[in-house]
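Structure, as structure tokens:
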Amino acid sequence: MKKIICMILAASLLMSGCSSINKVDEEKVKDITDKVTKTLINSTNREKAERNETHTINADSLSTLKINSSVGDIKINTDESKDAVIKLNISAQTASKEDSEKMVEDFTYSLEETSDSIELDTSFLNKLAENINLSVNLEIALPGNIDNIIISSNVGDISIKNINGKYEVKNNVGSIDIKNSKASYNLRTNIGEIMVSEAAAYGNSEFTVNTGDIKISLNDIKDAKTIKASTDVGDINIDIPNNSSYEAVINEFMEKEKTISNDDKDTKITVRTGVGSVKFN
């Protein structure tokens, strides 16, 4: 949470000094800043209660994981088992131990298995407006056949390792960290970093941030048609193999548009920063 506060404060300072930044974005940042700062203050000297649950689902015939989350970190990794193992840590902080325990006990979520997917919903948007001192952290182990990851999160960091396939991840406040994958990526966060490392890209990929950095290290792009990276406030660092075939169009803050190409220009790359620098290799 402290890391998120620092990101928001940094974004607010940048925006206050840059009149060209969109006013709608300023309002978004201010709204989130107020909510998260209030949460940090309200968490002081509060009593905490927790509830832990584990679910095991035979998932060898499934292909998709869908998650809808309000507040909490999400960690996903692969496992050699045919089962999907989902661990939930539900925690609350209020003025009294009794109230915290009641909030944790009363919290409900849904976990469903369809013909091809696991669908987990831990959202509590109505409660969020009244009291956001409730979080649901997830740790999930998946078999390798689940290769379609769809996540919608409001607040929290998302970390995914060792999963190939297709990603559609949207976060409001928090980082997105992908490691050791070969996939097409659609990653978006409003405030936070996007980090992709030890990875390969294929098809079409897009990385979008409102306030925060983008760091992408790809070891293979030969099957990638397009790669797009954009941040309104933040730096972009993209590292690809030297022998890659690409054409990259780069729009950097206070710089003229430039185009860099190599070999047959197979992969089309576009990079844009509103306020920030670009490193492309």
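None of these values were measured; they are calculated from a predicted model.
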Inset, instruction - Identify the two heavy atoms, one from Arg272 and one from Ser230, that lie closest to each other, and give their separation to 0.1 Å. - result: NH2-OG, 2.7 Å
Inset, instruction - Please assess Asn154 against Ser70 for the test side chain to side chain donor-acceptor pair (under 3.5 Å), listing each intermediate value before the final yes or no. - result: CA-CA 5 Å; Asn154 190 42; Ser70 287; 5.9 Å; no
Inset, instruction - Mark yes or no for whether Ser81, through its side chain, and Asp83, through its backbone, hold a donor-acceptor pair below 3.5 Å. - result: yes
Legend entry - Which atom of Ser69 lies closest to which atom of Ile74, heavy atoms considered: CB-CD1, 4.1 Å
Legend entry - Whether Ser245 side chain and Lys265 backbone form a donor-acceptor pair below 3.5 Å: yes
Inset, instruction - Using distance alone, with no hydrogens and no angle criterion, decide if Ser197 and Ser217 have a side-chain donor and acceptor under 3.5 Å apart. - result: no
Legend entry - Exercise: identify the closest heavy-atom pair between Thr267 and Ala224: OG1-O, 2.7 Å
Legend entry - Within 6.0 angstrom of Glu257 CD, more than 12 heavy atoms from elsewhere: yes
Inset, instruction - Would you check if the side chain of Thr189 reaches a backbone N or O of Gly174 as a donor-acceptor pair within less than 3.5 Å? - result: yes
Inset, instruction - State which residue, out of Val278, Asp235, Val271, fulfils the side chain to side chain contact (heavy atoms under 4.5 Å, CB included) condition with Glu252. - result: Val278
Inset, instruction - Using the rule that two of Ile, Leu, Val, Met, Phe, Trp, Tyr join whenever any of their side-chain heavy atoms come within less than 4.5 Å, decide whether Leu62 and Ile150 are in one cluster. - result: no
Inset, instruction - May I ask you to test the Tyr109-Ile90 pair for a side-chain heavy-atom distance under 4.5 Å? - result: yes
Inset, instruction - Start with the C-alpha distance between Ser153 and Asn171, add both sets of side-chain angles, then the distance that settles side chain to side chain donor-acceptor pair (under 3.5 Å), and finish with yes or no. - result: CA-CA 5 Å; Ser153 172; Asn171 203 359; 3.3 Å; yes
Inset, instruction - Verify side chain to side chain contact (heavy atoms under 4.5 Å, CB included) between Ile140 and Ile118, making sure each step is shown before the conclusion. - result: CA-CA 11 Å; Ile140 301 174; Ile118 297 171; over 6 Å; no
Inset, instruction - Rounded to the nearest 0.5 Å, what's the gap from CD on Glu247 to OG1 on Thr270? Could you check? - result: 11.0 Å
Inset, instruction - For residues Phe207 and Ile227, determine if any side-chain heavy atom of one lies less than 4.5 Å from a side-chain heavy atom of the other. - result: yes
Inset, instruction - Hey, could you give me the CG/OG1 distance between Asp232 and Thr208, rounded to the nearest 0.5 Å? - result: 9.5 Å
Inset, instruction - Check whether Val155 and Val104 end up in the same hydrophobic cluster, where Ile, Leu, Val, Met, Phe, Trp and Tyr are linked by side-chain heavy atoms less than 4.5 Å apart. - result: yes
Legend entry - Check: Ala59 main-chain N/O paired with Asn145 side-chain donor or acceptor under 3.5 Å: yes
Legend entry - Least distance between heavy atoms, Phe280 atom then Ala248 atom: CZ-CB, 3.8 Å
Legend entry - Within 6.0 angstrom of Lys97 NZ, more than 12 heavy atoms from elsewhere: yes
Legend entry - Asp177 and Ser175 side chains, donor-acceptor separation under 3.5 Å: no
Inset, instruction - Supply the atom-to-atom distance Ile238 CD1 to Leu218 CG, rounded to the nearest 0.5 angstrom. - result: 8.0 Å
Inset, instruction - For residues Thr122 and Leu120, determine if any side-chain heavy atom of one lies less than 4.5 Å from a side-chain heavy atom of the other. - result: yes
Legend entry - Rounded distance [0.5 Å steps], CG in Asp99 versus CG in Asn133: 11.5 Å
Inset, instruction - With Ile151 as reference, evaluate Leu138, Ile176, Leu187, Ile76 under the side chain to side chain contact (heavy atoms under 4.5 Å, CB included) test and give the passing residue. - result: Ile76
Legend entry - Backbone of Asn77 reached by a side-chain donor or acceptor of Asn162 within 3.5 Å: no
Legend entry - Pairwise distance CG(Asp223) to CG(Asp266) - rounded to 0.5 angstrom: 10.5 Å
Legend entry - Distance (rounded to the nearest 0.5 Å) between Glu112 CD and Lys66 NZ: 10.5 Å
Inset, instruction - Please report the closest heavy-atom contact between Ala183 and Lys166, naming both atoms and the distance. - result: CB-N, 4.3 Å
Legend entry - Smallest separation among heavy atoms of Lys182 and Asn164, with atom names: N-OD1, 2.7 Å
Inset, instruction - Report yes if some heavy atom in the side chain of Leu111 is under 4.5 Å from a heavy atom in the side chain of Leu88; otherwise report no. - result: no
Inset, instruction - Show the numbers, then the answer: is there a side chain to side chain contact (heavy atoms under 4.5 Å, CB included) between Thr54 and Val85? - result: CA-CA 7 Å; Thr54 299; Val85 179; 3.9 Å; yes
Inset, instruction - Go through Ser100 and Thr94 one step at a time and tell me if the side chain to side chain donor-acceptor pair (under 3.5 Å) criterion holds. - result: CA-CA 5 Å; Ser100 297; Thr94 68; 2.8 Å; yes
Legend entry - 4.5 Å side-chain heavy-atom contact, Asn237 and Asp213: no
Inset, instruction - State whether the side chain of Ser244 and the backbone N or O of Pro241 hold a donor-acceptor pair below 3.5 Å, judged by distance alone. - result: yes
Inset, instruction - Please confirm whether the backbone N or O of Asp157 pairs with a side-chain atom of Asp73, one donor and one acceptor, at under 3.5 Å? - result: yes
Inset, instruction - Starting from the C-alpha separation in whole Å, work towards a yes-or-no answer on side chain to side chain contact (heavy atoms under 4.5 Å, CB included) for Ile67 and Ile158. - result: CA-CA 11 Å; Ile67 298 174; Ile158 299 170; over 6 Å; no
Inset, instruction - With the side chain counted from C-beta on, respond yes when Tyr202 and Asp220 share a heavy-atom pair under 4.5 Å apart, and no when they do not. - result: no
Inset, instruction - Would you sort out whether Thr64 and Asp116 count as a side chain to side chain donor-acceptor pair (under 3.5 Å), showing the intermediate values? - result: CA-CA 6 Å; Thr64 301; Asp116 67 346; 4.7 Å; no
Legend entry - Intermediate values then yes/no, side chain to side chain contact (heavy atoms under 4.5 Å, CB included), Asn89 and Glu50: CA-CA 7 Å; Asn89 172 261; Glu50 293 183 294; 3.2 Å; yes
Inset, instruction - Over 60° means perpendicular and under 30° means parallel, so classify the ring planes of Tyr185 and Tyr167, tilted if in between. - result: parallel
Inset, instruction - Side-chain contact test, heavy atoms from C-beta onward, threshold under 4.5 Å: evaluate it for Ile163 versus Ser181 and give yes or no. - result: no
Legend entry - Neighbour count >12 (heavy atoms, 6.0 Å) for atom NZ, Lys228: no
Legend entry - Result of checking Lys225, Arg188, Lys170 against Glu206 for salt bridge (charged side-chain N to carboxylate O under 4.0 Å, His left out): Arg188
